[in-house]
Number of protein chains: 2
Amino acid sequence: MKSPKLDFDTPLVTVDIAIFSVIEGALAVLLVKRPDAPEEPFPNHWALPGGFIDLDQDADLLACARRKLKEKTGLASPYLEQLGAWGGNKRDPRGWSVTQVYFSLLSADGLELRAGANAADVKWARIEQNETGVDDRLAFDHKTLLAAAVQRLRGKVEYTSLPAFLLPEEFTLSELQRVYEIVLGRPVEKSAFRKRVGDAGLVEKVPRQRLSANRPAQLYRLKKRAAPIYFPRTFSPRG
Amino acid sequence: MKSPKLDFDTPLVTVDIAIFSVIEGALAVLLVKRPDAPEEPFPNHWALPGGFIDLDQDADLLACARRKLKEKTGLASPYLEQLGAWGGNKRDPRGWSVTQVYFSLLSADGLELRAGANAADVKWARIEQNETGVDDRLAFDHKTLLAAAVQRLRGKVEYTSLPAFLLPEEFTLSELQRVYEIVLGRPVEKSAFRKRVGDAGLVEKVPRQRLSANRPAQLYRLKKRAAPIYFPRTFSPRG
DNA sequence: GAAATAGTGTCTGTAAGACATTATATT
DNA sequence: AATATAATGTCTTACAGACACTATTTC
């Protein structure tokens, strides 16, 4: 990896994505299985989806992350945010490497996972409420990357509208509250929750209701699908 | 930059740092002048200090940032935080490049700036209260990087103890309040400020006073120099 | 004692937590 | 009518903002 012009080595550069959703009432992250080939690092280990930047195809880092996201989920524009970078001489046996980590939130409703060219398998792995990781042993330093992503998500949930991106386009306030509770790992008081969501101007009614064996619930959607909303205070309960 | 093992190109990788301090009552950022040599990109332009990773010398990204910080300021451990990464095929005329941007806060008291090997000159550039940048035209996309760093700093000041890292080790509460006002660009109410700082357990008294032509002020220092403190609410004034 | 800044106290407004109450559908 | 969940109302608590007031030094 020596540069002919610059006469010094540059590290390997990858982009990895922590893709979160809510599956069967729990927070889950998308994992891909690394190839079986013995010349590959961490063969057969589960890992966050990602890989090298394609200097011809990717105009910038975000485009690279979007491409990888689309390869795995088929979705073009779920919520996508840069988390941070991890780089050093120890994290990849092939040498000094840097990975740009993104995290994405999406609704798994009707989603078909796709195995990529370099991934034999794909799955959703559950993240328990008091944990920051999954049961599987992950490749590289992906345990660290995932823990950072989970912490960022849990932290921002306290004061932003991020969990709304884990739901399909239309949802009831009870469903939204439930997602907050799943991500936070603790119950949220209904009245306070609704006041907050209402005051923040986060959602708007759609002229439909969710029917069930009891009183039907009003359906809502996000006013702006693009940007998260910041609340003036956190959800922190009384000490 | 083709990898012999992996058979594809990797981008150039740099680390840049936005080093902030308070100089003459205003927020300021440290800039270095790029070399005069015509083969260099942006000759003679001011830029954020930074440069390529030294794969032999730097164990990881943070170590690389610390090395560059020490080269310019002589300081070993001021506040240093990862801001984000910018990468693409347009930002450097030499090709696809990624820069890892850090930001640092330090007290300029008694600091001697040092010109680095690749920088003919060093200076503090003032950032006006309603601006996110400096008067000089900066090299590469450093205007964008600097604006992001300033916004992150201003944003976090609303709910963290970050400005304390812009002061020398011992300071009075009035001095601390003044730094908050400089970074926020608006006055802060004294009583509320002191209650907040007190409740957060941010500082502790040292047995000394700052003497002047009036009532002397109690000197304080941070309880923990390492980590910033998060306040439960922001400083936002009433709307 | 005048000046100047340090430091404290009190009142108010806003938003969240706790908890009770009302509303509206199905079976 | 019973049941289940949706939606709202009221009371309390915590903390920030506004502003007045007291304290302690130098000149």
Side-chain angles (χ1 to χ4, degrees), chain A residues 25 157-161 163 167 170-181 184-221 229-239, chain B residues 25 155-161 163 167 170-181 184-221 229-239:
Chain A
V157 163
E158 298 278 359
Y159 59 94
T160 70
S161 64
L167 288 170
E170 296 187 1
F171 49 83
T172 70
L173 293 183
S174 295
E175 289 165 354
L176 182 59
Q177 182 181 339
R178 184 79 194 107
V179 175
Y180 271 89
E181 292 173 334
L184 287 172
R186 58 178 154 81
V188 166
E189 206 284 322
K190 181 162 67 168
S191 173
F193 178 79
R194 285 171 182 242
K195 256 185 292 180
R196 197 173 159 126
V197 169
D199 291 352
L202 179 59
V203 296
E204 61 190 3
K205 288 185 187 181
V206 295
R208 274 176 292 283
Q209 294 187 323
R210 171 92 72 228
L211 303 173
S212 68
N214 42 52
R215 177 174 175 176
Q218 179 65 48
L219 282 168
Y220 292 82
R221 70 174 170 211
I229 297 222
Y230 288 73
F231 300 116
R233 274 170 66 179
T234 72
F235 271 109
S236 309
R238 291 294 147 72
Chain B
K156 285 188 97 164
V157 164
E158 297 279 359
Y159 58 94
T160 70
S161 64
L167 288 171
E170 296 187 1
F171 49 83
T172 70
L173 292 183
S174 297
E175 288 164 355
L176 182 59
Q177 182 181 340
R178 184 78 195 109
V179 175
Y180 271 89
E181 292 173 335
L184 287 173
R186 60 179 153 81
V188 166
E189 205 284 323
K190 182 165 64 167
S191 171
F193 178 80
R194 285 170 182 243
K195 255 185 292 182
R196 199 172 158 127
V197 169
D199 291 352
L202 179 59
V203 296
E204 61 189 3
K205 288 185 189 180
V206 294
R208 275 177 288 285
Q209 295 187 322
R210 171 91 71 227
L211 304 173
S212 67
N214 43 50
R215 176 173 174 176
Q218 179 65 48
L219 282 167
Y220 292 83
R221 69 174 171 210
I229 297 220
Y230 289 72
F231 300 117
R233 274 170 66 181
T234 72
F235 271 110
S236 309
R238 292 293 145 72

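Because the structure is predicted, anything quoted here is derived from the model rather than measured. Below, read A as the first sequence line, B as the second, and so on, with proteins coming before strands; counting in each chain starts at 1.
- OP1 or OP2 of D:dA6 sits under 4.0 Å from a side-chain N or O of A:Ser174.
- Salt bridge B:Glu158/B:Arg186: present, at least one basic N to carboxylate O contact under 4.0 Å.
- Atom pair A:Asp199:CG and C:dA16:P shows a separation of 7 Å (rounding to whole Å applied).
- A straight line from CZ of B:Arg196 to C1' of D:dA18 spans 16 Å, rounded to a whole angstrom.
- Closest contact between the side chain of A:Ala217 and the listed nucleotides C:dA6, C:dT10, D:dA7 involves D:dA7.
- Considering only residues two or more places apart in sequence or on other chains, A:Ser191 meets the side-chain hydrogen bond (donor to acceptor under 3.5 Å, both in side chains) condition with none of them.
- In this structure the side chain of B:Val203 reaches within 4.5 angstrom of the side chain of B:Phe171, judged on heavy atoms.
- Residues forming a side-chain hydrogen bond (donor to acceptor under 3.5 Å, both in side chains) with A:Arg215 (at least two apart in sequence, or on another chain): none.
- Checked by atom type and distance alone, the side chain of A:Gln177 pairs as donor or acceptor with a backbone atom of A:Val188 at under 3.5 Å.
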Self-check item: Criterion ring-ring contact (aromatic ring centres under 6.0 Å, His included) on B:Tyr180 and B:Phe193, from CA distance to verdict
Solution: CA-CA 10 Å; B:Tyr180 271 89; B:Phe193 178 80; 5.2 Å; yes
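- Taking 4.0 Å as the cut-off between side-chain N and carboxylate O, B:Glu175 and B:Arg210 count as a salt-bridged pair.
- Atom CG of A:Leu184 is separated from atom P of C:dG17 by 11 Å (rounded to the nearest Å).
- B:Leu211 and B:Pro216 make their closest contact through CD2-CB, 3.6 Å (heavy atoms, listed as atom of the first residue, atom of the second, distance).
- The nearest whole Å value for the distance from the CZ atom in A:Arg194 to the P atom in C:dA23 is 16 Å.
- Every side-chain contact (heavy atoms from CB on, under 4.5 Å) that B:Ser174 has, sequence neighbours left out, goes to B:Thr172, B:Arg194.
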Expected rows: protein N/O vs nucleotides 19-22 of chain D N/O, under 3.5 Å:
| unit_1 | atom_1 | unit_2 | atom_2 | d |
| --- | --- | --- | --- | --- |
| D:dC19 | N4 | B:Glu189 | OE2 | 2.7 |

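- Both B:Thr172 and A:Pro216 sit near DNA chain C, but only B:Thr172 has its closest nucleotide nearer the 5' end.
- For the contact set between residues 202-214 of chain B and DNA chain D, defined by any heavy atom under 4.0 Å, the members are B:Ser212, B:Ala213, B:Asn214.
- Between atom CD of residue B:Gln218 and atom CZ of residue B:Arg208 there is a gap of 9.5 Å, rounded to the nearest 0.5 Å.
- Look at CZ on A:Arg186: it is 10 Å from P on C:dA18, rounded to the nearest Å.
- Spacing between atom CD of B:Gln218 and atom P of C:dT5 amounts to 19 Å, rounded to whole angstrom units.
- One interatomic measurement links the two molecules: OH of A:Tyr159 to P of C:dA15, which rounds to 19 Å at whole-angstrom precision.
- Regarding A:Leu219, its CG atom lies at a distance of 14 Å from the P atom of C:dA25, rounded to whole Å.
- A donor-acceptor pair is defined here as one N or O able to donate and one able to accept, closer than 3.5 Å; no such pair exists between the side chain of A:Glu181 and the backbone of A:Pro187.
- Across the helix from C:dG1-D:dC27 to C:dT27-D:dA1, the helix axis at one end is tilted relative to the axis at the other end by 10° (nearest 10 degrees, each axis from five pairs).
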